[in-house]
Amino acid sequence: MSILKRRIKSGINVGATKITNPSDLFKTLIHQEGYDYLRDIQKEFLEKWDDKRSHRDIVGILNTGAGKTLIGQLMLLSKLNEGQGPAVYLCPDRQLVNQAVEQAKIHNIPVVTLTNEPGKAAEFPLDFINGKSILITTFERLFNGKSVFGVEGFGYRPIQEIGSLVIDDAHSCIKKARKQCTIQIKSDHPAYKKLFDLFEPVLKEQGQGAVTAIRKGESSVSRLIPYWSWRQQTDNVYSILQELYSENDNVVKYNWGLIGDEIKKSSCYINGQKIEITPLSLPVNKIPSLFNAKHRLILSATFNNTTELITELGINKESVETPIEVANQGDAGERLIIAPKRYYSELTDELMRPIIADYAKENNVVIIVPDSRKAEEWRKYNPYLVNKDNIEEATTKLRESKGNLMVFLNRYDGIDLAGDSCRVLVLDGLPNARTVREKYISIVREGSPFINAQIAQTVEQGLGRSVRSGSDYCSVFILDTALMNFIGVDKNRSFFASATKKQLDFGLELFGDEQPENVEQAIEEIRDAVEMCLTRDPEWRQFHKEMILSIPTEVPTDSKDFFDIADIEKTALEKYANDSFKDASDMVRQMVNTYSDPLSKVDQAWYLQIGAHILDHFDATSAVDMQVKAKDLSPKVLKPLVHSYSKITRVKGKQAEVIIQWLKGFSNSTDVVIAIENLCTNLIYSPHVKFTEFEKSVSRIGTFLGFNSQMPEEDEGDGPDNLWRLENGVIKGN
């Protein structure tokens, strides 16, 4: 050993106290040139976290591009120095795992990954087990029925103890957790027919029309198998599923460890394309590495629907109520959001599409659509259609070249289109529910603030695909009447993050009160605005910076009620999981009574149905009574075993008063016009419009006109498609 090496070695104090303050810890790292400083927003966030470091659950909200990955890694490294290891950094997908590893290399942060040798099970690196390095992996490697971290009750992998973990992009991970706990059986699988035949009689009792639609393969008609029939047929269901498990069928291969013991207490959803079996609440306790982790750090850029952190992942309510946030520093990327039709009513989507497509001559233009029907409307412009099979190829092409026009099918998250990858973004259509369960819930809880918050979060995720840092920029077009109508409702915009809301509000009022004289002038004004954004006009940039800095700190007044409701729901479902059926159902009943004001009627009905589902295991007669009350509140929930059809009642208030109340939900007349147009969008006889959407339009128009509007055939399985009760008591049906 050389003299210098001996001197260096002897100068190291092995017993020295390790640094745990994350900002001080950062100074000890060896950085690549130009990366040896923390940004102000990172320092402030880490200081706030250090004050809370002893808390088990901590939630942090950071703008995209704020350096969230480095913050998460510094927190975990601090925890390792504190002795709270092993430490895991969880990403929603492999692409982000690679990015997190590259980020760690920049600062020489010790990290490792899982490697799989052919024919061998994955093994944890010793540096991870011994608390010397942070393991970076996907959330799904942790949360699945064959988890390498171990599954409670399945001994093929030992349970890996975790001291500290970070869940990055938590909103995406929640969806992945639900997917891992769901058995999905496609209609072409033999087990689909077996299950459908088993429950067809009870489905007919709920409505013959729905059964016919499901038999035809309709995906828009989603139904819940009545919980009482599910309980009665549990043995037959187990027989079908266990046969799949014995054959190592992929349908159950990776989720049986999570749901196999939960079948009796699960729910089953069905449409013409798929059957889904999923528990009422996620069995997080089945993954002890997550459930028992000493410290759980939850990070995301968007938390419009934070109640899911409580109900799905079991995160502590207080940590969700008081997340770590850094005061607005004007570091949100530049987004110029334009809603053409809201600016000038003659700027239809058909007129705007070729104008938008023309930007692809010099820029990358990305269009996000909710379904293939919307994608078809772009076909004449020869776009590259992107789905789950070619997404990696598409994103690589966007990063490496310009002049691309791409249509992404229902991809509002999980893609990073920073910089020139996307300079013009289009959201064309209101996001659709992806799973059968989500579709059913969106029908039963239509209009619920909980559901609207989820839609807003999906829209915000879509908006966030293109602007990935404070220095990034993009022009965004909002097309589709339904999407513009959703954003036009004042209450819905309150669900967006403050910076996004400000950008949306500005975009919706882009040209103020100045109205163009004709279509040509309107198009020219829009082109000029987009040009200012894309050419980095100094005046526009300064204006945007000042606009973002002017955003006040907003605290939603009704959030506390929703957090309390979510916490009660979580506790009730935990009792249900532990077979305390009566206590759990009593909690749900009491919650509905206590929070009847903030809960809409559809939400009250939804929760009463959950309560009845739970109670059915203990007292089937009382469960029927609770289901009857749920049905009285909303026609969309399950028809109880013993049901007396409720009489169509008079609307609360006079017809004119009801219409006025509806109008108050909008801040200007343009949004009202768009909303009315949206009501009529699907009111046409066409093979491209599903009959269910047509009937919903008739129902919504009835409600808009101030009538009591019902869909008896859809809701009760009998009667006319639509039924209105007029103010004078006359009933009209069709």
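Using a 4.5 Å heavy-atom cutoff, the side chains of I277 and W230 are in contact. Between K629 and V637, the closest side-chain pair of non-hydrogen atoms is not below 4.5 Å.
Heavy-atom neighbours of K48 NZ from other residues, nucleotides or ligands within 6.0 Å: above the threshold of 12. Atom CZ of R434 has more than 12 neighbouring heavy atoms from other residues, nucleotides or ligands inside a 6.0 Å radius. Other residues, nucleotides and ligands contribute at most 12 non-hydrogen atoms within 6.0 Å of the NZ atom of K179.
Within the model, atoms CG of D632 and CD of Q604 stand 12.0 Å from one another, a figure rounded to the nearest 0.5 Å. Rounding to the nearest 0.5 Å gives a distance of 12.5 Å between NZ of K176 and CG of N144.
Using cut-offs of 30° and 60° for the angle between ring planes, the F496 and F486 rings count as perpendicular. Ring geometry, F581 versus H617: the interplanar angle falls under 30°, so the pair is classed parallel (tilted spans 30 to 60°). The aromatic rings of Y238 and W256 sit perpendicular, their planes meeting at an angle over 60°, well past the 30° parallel limit.
Legend: residues meeting side-chain contact (heavy atoms from CB on, under 4.5 Å) with D625, ordered by chain and number and at least two apart, are absent. Considering only residues two or more places apart in sequence or on other chains, E569 meets the side-chain hydrogen bond (donor to acceptor under 3.5 Å, both in side chains) condition with Y607. Take K52 and apply the salt bridge (Lys or Arg N to Asp or Glu O under 4.0 Å) test, not counting sequence neighbours, and it matches no residue. A search for side-chain contact (heavy atoms from CB on, under 4.5 Å) contacts involving S187 returns Y192, not counting sequence neighbours. Here D93 pairs with Q95, L96 under the side-chain contact (heavy atoms from CB on, under 4.5 Å) rule; sequence neighbours left out. Under the salt bridge (Lys or Arg N to Asp or Glu O under 4.0 Å) criterion, R157 pairs with no residue at all, not counting sequence neighbours. Listed by chain and number, the residues in a side-chain hydrogen bond (donor to acceptor under 3.5 Å, both in side chains) with N250 amount to none (sequence neighbours excluded). In this structure, K264 has no salt bridge (Lys or Arg N to Asp or Glu O under 4.0 Å) partners at least two apart in sequence or on a different chain. Not counting sequence neighbours, the partners of D567 by the side-chain contact (heavy atoms from CB on, under 4.5 Å) test are I310, K317, K570. Residues forming a salt bridge (Lys or Arg N to Asp or Glu O under 4.0 Å) with K575 (at least two apart in sequence, or on another chain): none. Applying the side-chain hydrogen bond (donor to acceptor under 3.5 Å, both in side chains) rule to Q242 yields no partners; only residues at least two apart in sequence or on another chain are considered. Applying the side-chain hydrogen bond (donor to acceptor under 3.5 Å, both in side chains) rule to D583 yields no partners; only residues at least two apart in sequence or on another chain are considered.
Between T182 and R437, the side chains place no donor N or O within less than 3.5 Å of an acceptor N or O (distance only, hydrogens not considered). Side chain to side chain, R53 and S78 meet the donor-acceptor criterion of an N or O pair below 3.5 Å. Residues S300 and D169 bring no donor and acceptor atom of their side chains to less than 3.5 Å of each other. Neither side chain, S266 nor E262, offers a donor N or O lying under 3.5 Å from an acceptor on the other. Between the side chains of N236 and Q233, a donor-acceptor pair is found at a separation under 3.5 Å. Between the side chains of H171 and Q457, no donor-acceptor pair of N or O atoms lies under 3.5 Å. Checked by atom type, the side-chain pair Q627/Y227 shows a donor-acceptor distance below 3.5 Å. Counted by atom type alone, H189 and D249 present one or more donor-acceptor pairs between their side chains at under 3.5 Å.
Annotation: cation-pi geometry not satisfied between K286 and F291 (NZ/CZ under 6.0 angstrom from ring centroid, within 45° of ring axis). For the pair R223 and Y269, the NZ or CZ position fails the cation-pi test of under 6.0 Å to the six-membered ring centre and within 45 degrees of the ring normal.
The six-membered or imidazole ring of F124 lies near that of F149, with a centre-to-centre distance under 6.0 Å.
Remark: the backbone N or O of V59 is not paired with any side-chain donor or acceptor of S319 at under 3.5 angstrom.
Between K253 and E247 there is no salt bridge, since no side-chain N of the basic residue sits under 4.0 Å from a carboxylate O of the acidic one.
When all heavy atoms of E446 and V602 are compared, the closest pair comes out as O-CG2, 4.0 Å. Residue R178 comes nearest to P279 through the heavy atom pair NH1-O, 2.6 Å, listed as atom of the first residue, atom of the second, then distance.
Only one option out of L573, I568, I614, V592 pairs with M587 in a side-chain contact (heavy atoms from CB on, under 4.5 Å); it is I568.
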